Each structure stands twice: as C-alpha cells, then as structure tokens.
Amino acid sequence: MAFTEEQIEKLNNQFKGIPPTEIISWAVKNAKKPILTTNFRPYEVAILHAITEVQKNIPIVWCDTGYNTPSTYKHAKELIQLLNLNIDLYVPKQTTAFRDVELGIPQIDDPKHAVFTEQVKLEPFRRAMAAHQPDVWFTNLRKGQTAHRDRLDILSLSKDGVLKVSPFYHWNDTQLDTYLRQRKLPNEHNYFDPTKVLENRECGLHG
C-alpha cells in the first residue's frame, strides 16, 4: 500500500468530514495486514468500536507498560469483553518490580528516562510490529494532543513507511463524548503514562 506524499495529501483533503467508519472501510479494503494499536487511554473506545464495526477480527496490539491504573485495567477488561476484541498483548521483558529497584520512574530530564522508555514502550512496540509486519496501522491520534501530532493528518507515514490511519484525527472531546453517548459506550479518564508525565508530551511511538 505505497503512497506518495502528494497522494496522501490529496486523500487527506478528501477524507475531511468523512465518517470514521468510511475511512476505516477504505483502509481495510486496501490493506493486506492491518492492525490497530491501543493503550485503553481515554476515548480509545471510539476507535475500538468503529474498527470492530468494520472488521471484527482485526489484530489489536496492546503494549501494556505495566504501570496502568487499576481503573484502566478494569476498563480494558470491560472493552475486551464488550467488543469481543482480538487482543495481542505485549509487555516489557523486565517486570515492573525489578525496574522499580533498578530505575524507578525517572524524571524526563534524567538520562535514565530514555532507558525507561525503551524498556516499557519502544521495545515491546518494535517487537509487536516485527511480529505483525502491518502495511496499515490504525491509531487514535488526534489533532491538538501534541505539537508533533498537529503536523500529521488522518493519513500519515510512520518512520518505517507504514500507512498510519487516524479516523478520528479532526474530532474533539465534545464530538467523541456525543459518539460514545449515542452508542452507550463506556469511557475511563483515570489513565497514567509513565513515559509522558505531561499530557501534551509525545509518547515516543509516533515521533
């Protein structure tokens, strides 16, 4: 599924205002090995629902850092059962207890923070991508989340040339709240990403 930057820009202009399920249907139709990545953060239920409306058995990669809140784990379990998600779980090679002794959770300006991020997020993610080798990667990136994400769009290319598809890119929280309310879908705001600390900081996977 190779596209030039010009083709992607043209498609992004066409997709503005198009319902997410139509964007997903287009991408699935043109994909050979699509995947969705999730971390069950707030509003992830929207893309999980929209994706499974189009393709029920799509592989959903969950890279669990091991630092999620109890509320997030309960939310994940609820959504896995509610939407019958085809979850492929990836976790760090080191246990959280071992890392607490070795590193703790380093501050962003601590040189050990890069090691921490590599262990809990980047290495499991690379392992997942190597196993699945997707040509289409669905994400729930949205405009306004970080400065980097503001430079992306519905369609963008990853560092490895995988087509990233973010069907809800132009949606705000109010629109998503309406989407969830109309479909009686649960949401959970008690979420913690140990690699970000600040909400508007990039997580490392999309840079």
Side-chain angles (χ1 to χ4, degrees), residues 35-48 59-80 85-134 136-153 156-166 168-169 173 176 187-207:
I35 66 166
L36 165 66
T37 56
T38 188
N39 49 18
F40 294 101
R41 64 173 290 126
Y43 296 111
E44 284 288 292
V45 61
I47 193 166
L48 291 166
I60 299 174
V61 170
W62 178 18
C63 292
D64 176 12
T65 64
Y67 293 88
N68 283 304
T69 66
S71 296
T72 296
Y73 285 118
K74 290 176 184 176
H75 182 57
K77 182 178 179 181
E78 180 182 16
L79 294 185
I80 290 169
L85 302 179
N86 179 19
I87 292 289
D88 192 9
L89 178 64
Y90 286 80
V91 296
K93 292 181 177 180
Q94 309 82 4
T95 66
T96 303
F98 177 81
R99 195 179 306 102
D100 283 344
V101 174
E102 289 289 300
L103 290 172
I105 301 180
Q107 294 297 311
I108 293 174
D109 56 358
D110 187 327
K112 293 179 181 178
H113 188 270
V115 176
F116 178 85
T117 301
E118 170 68 20
Q119 287 186 4
V120 305
K121 184 166 286 186
L122 301 183
E123 188 282 327
F125 175 77
R126 286 198 304 269
R127 197 169 359 117
M129 296 297 271
H132 286 273
Q133 297 186 334
V136 171
W137 167 20
F138 288 101
T139 78
N140 206 32
L141 299 185
R142 288 192 291 135
K143 190 174 183 179
Q145 290 177 324
T146 69
H148 173 71
R149 296 178 190 192
D150 285 349
R151 297 193 296 270
L152 302 177
D153 211 318
S156 60
L157 289 176
S158 75
K159 290 174 285 189
D160 298 323
V162 178
L163 184 69
K164 278 196 291 192
V165 183
S166 306
F168 290 92
Y169 182 78
D173 287 0
L176 284 173
N187 199 12
E188 177 54 60
H189 290 279
N190 187 358
Y191 176 80
F192 174 65
D193 184 339
T195 68
K196 290 178 67 173
V197 183
L198 300 175
E199 181 59 29
N200 62 351
R201 186 172 184 271
E202 187 53 63
C203 70
L205 300 184
H206 304 282

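For the single chain, residues carry numbers from 1 onward in sequence order. Any value given below was found using the heavy atoms of this structure, including those in side chains, with hydrogens, waters and symmetry copies removed. Since the structure is predicted, the reported quantities are computational estimates derived from the model, not experimental observations.
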Exercise for the section: Please examine the side chains of His75 and Asn190, heavy atoms only from C-beta on, and report whether any two atoms are closer than 4.5 Å. Expected result: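 Answer no - side chains too far apart.
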Nearest 0.5 Å, please: how far is [atom2] in [Y] from [atom1] in [X]?
X: Thr96; Y: Tyr67; atom1: OG1; atom2: OH; value: 5.0 Å
X: Phe40; Y: Ser71; atom1: CZ; atom2: OG; value: 14.5 Å
X: Arg41; Y: His189; atom1: CZ; atom2: NE2; value: 10.5 Å
X: Thr65; Y: Phe116; atom1: OG1; atom2: CZ; value: 7.0 Å
X: Asn140; Y: Phe168; atom1: CG; atom2: CZ; value: 6.5 Å

Non-hydrogen atoms of [X] and [Y] that approach each other most closely:
X: Tyr191; Y: Pro42; result: CB-CD, 3.6 Å
X: Pro92; Y: Asp64; result: CD-O, 3.2 Å
X: His113; Y: Gln107; result: CB-O, 3.3 Å
X: Thr72; Y: Glu188; result: N-CG, 4.5 Å
X: Lys121; Y: Asp193; result: NZ-OD2, 2.6 Å
X: Asn68; Y: Asn39; result: OD1-O, 4.4 Å

Exercise for the section: Return the set of residues passing side-chain hydrogen bond (donor to acceptor under 3.5 Å, both in side chains) with Asp100 (not counting sequence neighbours), or none when no residue passes. Expected result: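 With sequence neighbours excluded, Asp100 shows a side-chain hydrogen bond (donor to acceptor under 3.5 Å, both in side chains) to no residue whatsoever.
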Problem - side-chain hydrogen bond (donor to acceptor under 3.5 Å, both in side chains) partners of Thr38, counting only residues at least two apart - result: Glu44
Problem - Option passing side-chain contact (heavy atoms from CB on, under 4.5 Å) with Ile60 (candidates Ile35, Asp88, Leu48) - result: Leu48
Exercise for the section: Name all residues meeting the salt bridge (Lys or Arg N to Asp or Glu O under 4.0 Å) criterion together with Glu123; count only those two or more places apart in sequence or in a different chain, and write none if there are none. Expected result: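 With neighbours one apart ignored, the set is Lys93, Arg127.
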Practice task
Give me the ring orientation class for Trp62 and Tyr73: parallel if the planes are under 30° apart, tilted from 30 to 60°, perpendicular past 60°.
Solution key: tilted
